[in-house]
Amino acid sequence: MVKIVIDYENCDGADCAECVDVCPMEVLIIEGDKIIIQNKEECSLCEVCMDVCPNEAVEVEDD
Amino acid sequence: MIVNEWCMYCGECAGVCPRCLIEVRESKLIFDPENCKDCQICIQVCPVRALEKE
Amino acid sequence: MYTSMPSKSIREGIIKGDFMIINTDVLVIGAGPAGSTAAKHAALNGAKVTLIDKKSEIGAPKRCAEGVSKDGLAKLGIEPSSRWVAKELSGVRLVSPNGTDVLLDDDKVKLPESGYILERKVFDKHMAMDAARAGVEILVKTIATGLKRGEEDQVLVDVESMDEKFQIKAKIVIGADGPESRVGRWAGLKTSIKPKNMESCAQFEMANLDMPYPDCIDFYFGSVAPGGYAWIFPKGDDIANVGLGILTTKTDKTAYQHLLEFVKNNPATKNAQPVELNIGGDPVGGMLKDIVADNVMIVGDAASMVNPLTGGGIISGMIGGMIAGKIAGAAIQDEDYSKKRLKEYKDKAQEEIGDSFKKYLKAKEYLLSLSDKELDSIADAFQDAEFESINTSELIKLLIKVSPKALLKLGKLF
């Protein structure tokens with residue numbers, strides 16, 4: 001199972017959305033001013049979201 | 001990642017690689033395995049299934 | 001060790017073997033139609049331009065069905081030539097999964113890819129030759145392997161040409177390096193294509209076809225090509241590009257496997273034989289948002305300048321190239337290569353290309369939402385319609401009658 005955790009304390013939300021732009025599977029999307037996770041099972045585990053996040057607020061893990 | 005002999009160097013794999021790890025030359029595919037997270041999107045899009053997981 | 005090189009041209013430097021950093025105003029990477037057009041217009045606007053292509057032959061192998069519109073060529077100021085027009089066409093035939101077809105005459109419905117079928121091998125070379133005549137220096141079998149910012153507001157591009165490795169110092173780099181573009185990514189642009197926006201395509205050029213309408217381009221919709229469509233684009237009386245594009249998110253088979261099935265089952269191709277196989281990705285997600293950075297612009301397929309509905313990108317890529325080339329030339333005159341200056345390209349491309357794609361993107365979403373059954377019933381209704389007197393809005397009205405969700409998906413777009 002893929003585990004994706006967004007640390008909302010440190011996430012800049014829709015103002016940043018770098019992870020949303022790069023996610024190849026559209027798992028990370030914008031809802032209102034927040035970044036949310038949809039269709040988690042689609043995640044390809046490429047970890048690009050982790051690379052681009054300026055605040056290290058995304059964590060992707062394959063359990 | 002294994003590049004099979006029938007690869008036609010069309011570059012579709014390079015276009016979808018989220019980490020930009022594939023360089024396609026006229027008759028050679030150069031892949032950087034070190035930074036690959038094994039997302040396998042490249043394998044999935046290949047029109048002739050020339051790429052394979054190692 | 002790199003030493004500064006006084007040679008007049010890169011080729012002279014290669015012959016002399018004194019390597020080297022070569023200076024140029026504008027470096028265009030990729031000599032497809034978009035790159036050659038960009039190079040030509042930059043040179044015509046006074047810049048010193050170098051055009052490189054990684055392949056030994058510009059224009060081959062093609063990764064394309066070769067359709068362009070007559071209006072598109074005219075807009076670019078290009079006179080059609082019998083040397084690279086394989087066939088002139090007069091209409092479009094849309095075929096639903098059960099074989100029901102709808103014929104549309106060119107005078108009544110304008111489609112972006114209908115008009116001429118090109119011989120890309122010749123066409124691409126012709127465009128590069130035009131660039132050469134405008135003063136562009138061209139290097140083939142020469143690949144860019146990296147890009148970094150140098151001093152003096154320029155970029156340094158690592159280049160390999162056969163056994164030579166050198167650097168080209170350019171004020172502006174135009175990345176026309178196709179859907180697999182690396183130039184944009186080197187400059188920090190997000191040009192990776194999501195799998196749901198990348199059509200995986202396979203095509204045979206075939207002979208001995210038996211085409212009922214050899215003057216029409218054929219589109220086949222439905223499960224023959226999940227997430228895309230199949231096509232037969234005639235290049236002669238019994239010659240055609242027979243291909244399809246699929247979304248690999250919608251099928252477990254490869255584009256090639258779908259192509260083999262299509263060719264086996266289509267009456268027109270039952271006895272046809274392939275003389276060429278082409279494959280490649282087609283970015284159909286609409287024009288990219290970020291296509292300029294300091295000193296860098298991306299054009300053509302690299303910038304997803306592709307009609308999202310049809311997948312055609314020759315004309316739109318060339319228009320993008322023309323805009324980029326002209327602005328590169330002007331920016332060189334102004335000695336300003338900043339992102340702020342080059343943003344003019346992005347704005348103009350958005351206006352001329354990107355905005356028009358929005359309705360096609362909606363139309364594609366609608367089309368891909370239709371089941372084989374729905375496609376058949378739409379085709380059925382349209383087949384009986386009197387097209388002589390019907391305009392686009394009446395077409396849409398009829399469509400909504402047969403397929404009510406068209407109203408929701410297409411709204412008042414057309």
Side-chain angles (χ1 to χ4, degrees), chain B, chain C residues 30 53-57 60-63 140-146 160 177-186 189-203 243-249 251-260 277-283 301-302 304:
Chain B
M1 193 176 63
I2 298 164
V3 184
N4 279 302
E5 175 269 326
W6 59 85
C7 169
M8 292 170 68
Y9 313 102
C10 75
E12 179 159 355
C13 51
V16 295
C17 176
R19 309 183 77 88
C20 194
L21 303 178
I22 304 173
E23 178 184 331
V24 183
R25 300 200 169 191
E26 186 167 26
S27 47
K28 191 177 177 188
L29 200 139
I30 303 169
F31 167 66
D32 165 13
E34 217 141 277
N35 293 303
C36 176
K37 303 287 174 191
D38 197 27
C39 75
Q40 300 188 27
I41 296 175
C42 55
I43 295 174
Q44 185 198 335
V45 299
C46 177
V48 294
R49 209 163 274 157
L51 303 178
E52 253 180 83
K53 194 175 146 78
E54 211 145 335
Chain C
D53 196 280
K54 68 180 178 184
K55 294 191 299 273
S56 49
E57 183 180 1
K62 65 175 189 270
R63 292 184 290 192
V140 293
K141 197 70 183 164
T142 300
I143 188 168
T145 58
E160 293 180 28
D177 50 339
E180 70 270 38
S181 177
R182 290 161 67 82
V183 174
R185 302 198 224 190
W186 290 333
L189 303 173
K190 298 187 187 90
T191 63
S192 283
I193 308 297
K194 301 176 185 205
K196 82 165 206 15
N197 290 330
M198 185 73 110
E199 291 284 340
S200 185
C201 303
Q203 168 180 278
L244 49 78
I246 56 154
L247 289 179
T248 51
T249 50
T251 168
D252 292 328
K253 286 185 238 169
T254 63
Y256 182 66
Q257 288 167 328
H258 279 286
L259 177 62
L260 292 179
L277 169 66
N278 313 116
I279 59 167
D282 196 2
D301 278 5
S304 289

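A note on names: the letters A, B, ... follow the listed sequences, proteins ahead of strands, and every chain is numbered from 1. Every value quoted in this text rests on a predicted model; they were computed, and no experiment measured them.
- The contact between C:Lys253 and chain B is made entirely by backbone atoms, counting heavy-atom distances below 4.5 Å.
- Listed options B:Ala14, B:Cys10, B:Gly11, B:Pro47 were ranked by heavy-atom pairs under 4.5 angstrom with chain C; first place goes to B:Pro47.
- A salt bridge (Lys or Arg N to Asp or Glu O under 4.0 Å) with B:Glu23 is found for one member of C:Lys54, C:Arg182, C:Arg185 and no other, namely C:Arg182.
- Interface remark: of the candidates C:Pro283, C:Ala302, C:Ala202, C:Ser56, C:Ser56 forms the most heavy-atom pairs closer than 4.5 Å to chain B.
- Neither the backbone nor the side chain of C:Gln203 comes within contact range of chain B, judged by heavy atoms closer than 4.5 Å.
- Looking at B:Cys46, the atoms closer than 4.5 Å to chain C (heavy atoms on both sides) all sit in the backbone: N, CA, C or O.
- Between the side chain of C:Asp53 and the main chain of C:Lys55, a donor-acceptor pair closer than 3.5 Å is present.
- In this structure a side-chain-to-backbone donor-acceptor pair under 3.5 Å is present from C:Ser192 to B:Cys17.
- The nearest pair of heavy atoms linking C:Arg63 to C:Pro179 is NH2-CD, 4.1 Å.
- Contact annotation for C:Ile143: only side-chain heavy atoms (C-beta onward) come within less than 4.5 Å of a heavy atom of chain B.
- Contact check for C:Ser200 versus C:Ile246: side-chain heavy atoms found under the 4.5 Å cut-off.
- Of the atoms belonging to B:Ile22, it is backbone heavy atoms, and not side-chain ones, that fall under 4.5 Å from chain C.
- Top candidate by heavy-atom pairs under 4.5 Å with chain B, chosen from C:Leu277, C:Thr191, C:Thr248, C:Asp282, is C:Thr248.
- Neither the backbone nor the side chain of C:Leu259 comes within contact range of chain B, judged by heavy atoms closer than 4.5 Å.
- With chain B as partner, the option from C:Gln257, C:Lys194, C:Lys190, C:Lys141 having the largest number of non-hydrogen pairs under 4.5 angstrom is C:Lys141.
- In this structure, C:Asp252 has no side chain to side chain donor-acceptor pair (under 3.5 Å) partners at least two apart in sequence or on a different chain.
- Across all non-hydrogen atoms, the minimal contact from B:Met1 to B:Leu29 is CE-CD2, 4.4 Å.
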